Amino acid sequence: MLKIYKSVFFENYANFKGRSRRKEFWMFFLVNWAISFLLSLISPESDLFLTIYWIAIFIPSIAVAIRRMHDINKKWWYVLVPFYNVYLWTVIGDEGENKYGPDPISELEYLTELGKDLN
């Protein structure tokens with residue numbers, strides 16, 4: 001989970017091109033929520049740390065959301081459509097290559113993940 005978070009935050013900080021699979025998007029969302037919760041517990045009187053953190057993750061959050069739209073072959077502006085964007089974030093991405101790039105999950109990785117679900 002943290003590996004995915006570091007990948008989005010450090011390696012793809014402002015990468016708005018390409019595709020992001022559901023797992024990458026939702027793990028980034030979950031870790032952001034957890035860190036925000038912990039920061040609010042650490043300094044309940046002052047939101048300074050939380051504000052700094054949200055400023056730091058603003059661009060990667062937008063970037064991963066746009067790449068998620070690209071994974072389902074939608075344009076970036078679908079991120080702005082209320083409620084429908086949440087539905088789109090849960091949809092399975094296109095298999096194989098689409099106009100935004102190659103499939104972010106290889107066939108071998110997909111089969112490995114299927115095996116994990118059975119255990």
Side-chain angles (χ1 to χ4, degrees):
M1 184 181 334
L2 291 177
K3 180 180 175 185
I4 292 172
Y5 181 82
K6 289 191 310 189
S7 169
V8 172
F9 191 79
F10 293 110
E11 296 170 17
N12 292 312
Y13 187 85
N15 180 13
F16 297 95
K17 296 182 190 280
R19 296 166 60 178
S20 177
R21 51 193 276 215
R22 281 186 305 181
K23 183 177 183 179
E24 180 181 8
F25 175 81
W26 287 111
M27 288 299 124
F28 185 72
F29 177 82
L30 179 65
V31 171
N32 281 333
W33 182 84
I35 291 172
S36 297
F37 180 74
L38 291 174
L39 287 174
S40 67
L41 288 177
I42 291 170
S43 61
E45 311 86 32
S46 170
D47 290 334
L48 178 64
F49 295 121
L50 191 59
T51 303
I52 291 170
Y53 177 72
W54 279 103
I55 290 170
I57 66 160
F58 181 71
I59 291 175
S61 297
I62 293 171
V64 75
I66 289 173
R67 289 195 316 270
R68 179 71 197 118
M69 290 296 119
H70 289 173
D71 190 40
I72 57 173
N73 212 14
K74 299 284 185 192
K75 294 189 181 290
W76 69 269
W77 57 264
Y78 279 89
V79 171
L80 304 174
V81 181
F83 303 108
Y84 185 56
N85 61 4
V86 177
Y87 165 73
L88 291 175
W89 289 330
T90 64
V91 174
I92 295 174
D94 293 349
E95 288 186 25
E97 190 168 333
N98 68 15
K99 67 182 179 181
Y100 297 103
D103 195 345
I105 182 169
S106 68
E107 192 171 324
L108 179 62
E109 188 178 352
Y110 177 73
L111 292 174
T112 304
E113 285 190 9
L114 280 179
K116 288 179 185 175
D117 291 341
L118 297 174
N119 294 332

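Heavy-atom basis, side chains included; hydrogens, waters and symmetry copies ignored. Owing to the predicted nature of the structure, the values given are computational and were not obtained by experimental measurement.
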(message) Let me confirm one number: the CD1-OH distance from I72 to Y100, rounded to the nearest 0.5 Å.
(response) 10.0 Å
(message) Tell me the closest heavy-atom pair linking V91 and R22, and the distance in Å.
(response) O-CD, 3.4 Å
(request) Return the minimal non-hydrogen interatomic distance between P104 and S20, and the atom names on each side. (result) CG-C, 4.4 Å
(request) Write out all pairs satisfying salt bridge (Lys or Arg N to Asp or Glu O under 4.0 Å) with one or both partners inside residues 70-90, taking only residues at least two apart or from two chains. (result) R19-D71, R68-D71
(message) Pair F58, W54 - check ring pair (Phe, Tyr, Trp, His ring centres under 6.0 Å), show working.
(response) CA-CA 6 Å; F58 181 71; W54 279 103; 9.3 Å; no
(message) Check whether R67 reaches the backbone of N15 with its side chain - one donor and one acceptor, N or O, closer than 3.5 Å.
(response) yes
(message) Return the CG to CD distance between N73 and E97, rounded to the nearest 0.5 Å.
(response) 11.0 Å
(request) Find out if a path of hydrophobic residues (ILVMFWY) with successive side-chain heavy-atom gaps under 4.5 Å connects I92 to I66. (result) no
(request) To the nearest 0.5 Å, tell me how far S43 OG sits from L38 CG. (result) 11.0 Å
(request) Decide if atom CZ of F37 counts as having more than 12 heavy atoms of other residues, nucleotides or ligands within a radius under 6.0 Å. (result) no
(request) Over all heavy atoms of both residues, which pair between V31 and Y5 is shortest? Give the atoms and the distance, please. (result) CG1-CD1, 3.4 Å
(request) State, to 0.1 Å, how close F16 and I59 come at their nearest heavy-atom pair, and which atoms those are. (result) CZ-CG2, 4.1 Å
(message) Counting only heavy atoms not in Y53 (residues, nucleotides, ligands), do more than 12 fall under 6.0 Å from its OH?
(response) yes
(request) Could you tell me whether a side-chain N or O of S7 sits under 3.5 Å from a main-chain N or O of K3, the two making a donor and an acceptor? (result) no
(message) If hydrophobic clusters are built from ILVMFWY residues whose side chains come within less than 4.5 Å, do I4 and W33 share one?
(response) no
(message) Do V86 and L80 sit in one hydrophobic cluster, given that two such residues count as connected whenever their side-chain heavy atoms are within less than 4.5 Å of each other, even indirectly?
(response) yes
(request) Give every residue pair that meets the side-chain hydrogen bond (donor to acceptor under 3.5 Å, both in side chains) criterion with at least one member in residues 76-85, sequence neighbours excluded. (result) none
(request) Taking W89 for its side chain and W26 for its backbone only, find out whether a donor-acceptor pair lies under 3.5 Å. (result) no
(request) Kindly compute the distance separating CD1 (I52) from CG (L50), expressed to the nearest 0.5 Å. (result) 10.0 Å
(message) I need the minimum non-hydrogen distance between N98 and D94, along with the two atoms involved.
(response) ND2-OD2, 3.3 Å
(message) Please verify the inter-ring angle class for F25 with F29; under 30° counts as parallel, over 60° as perpendicular, anything in between as tilted.
(response) parallel
(request) Give a yes or no on whether I55 and F49 share a hydrophobic cluster (residues Ile, Leu, Val, Met, Phe, Trp, Tyr; joining criterion: side-chain heavy atoms under 4.5 Å apart). (result) no
(message) Tell me the closest heavy-atom pair linking V64 and S61, and the distance in Å.
(response) CG1-O, 3.4 Å
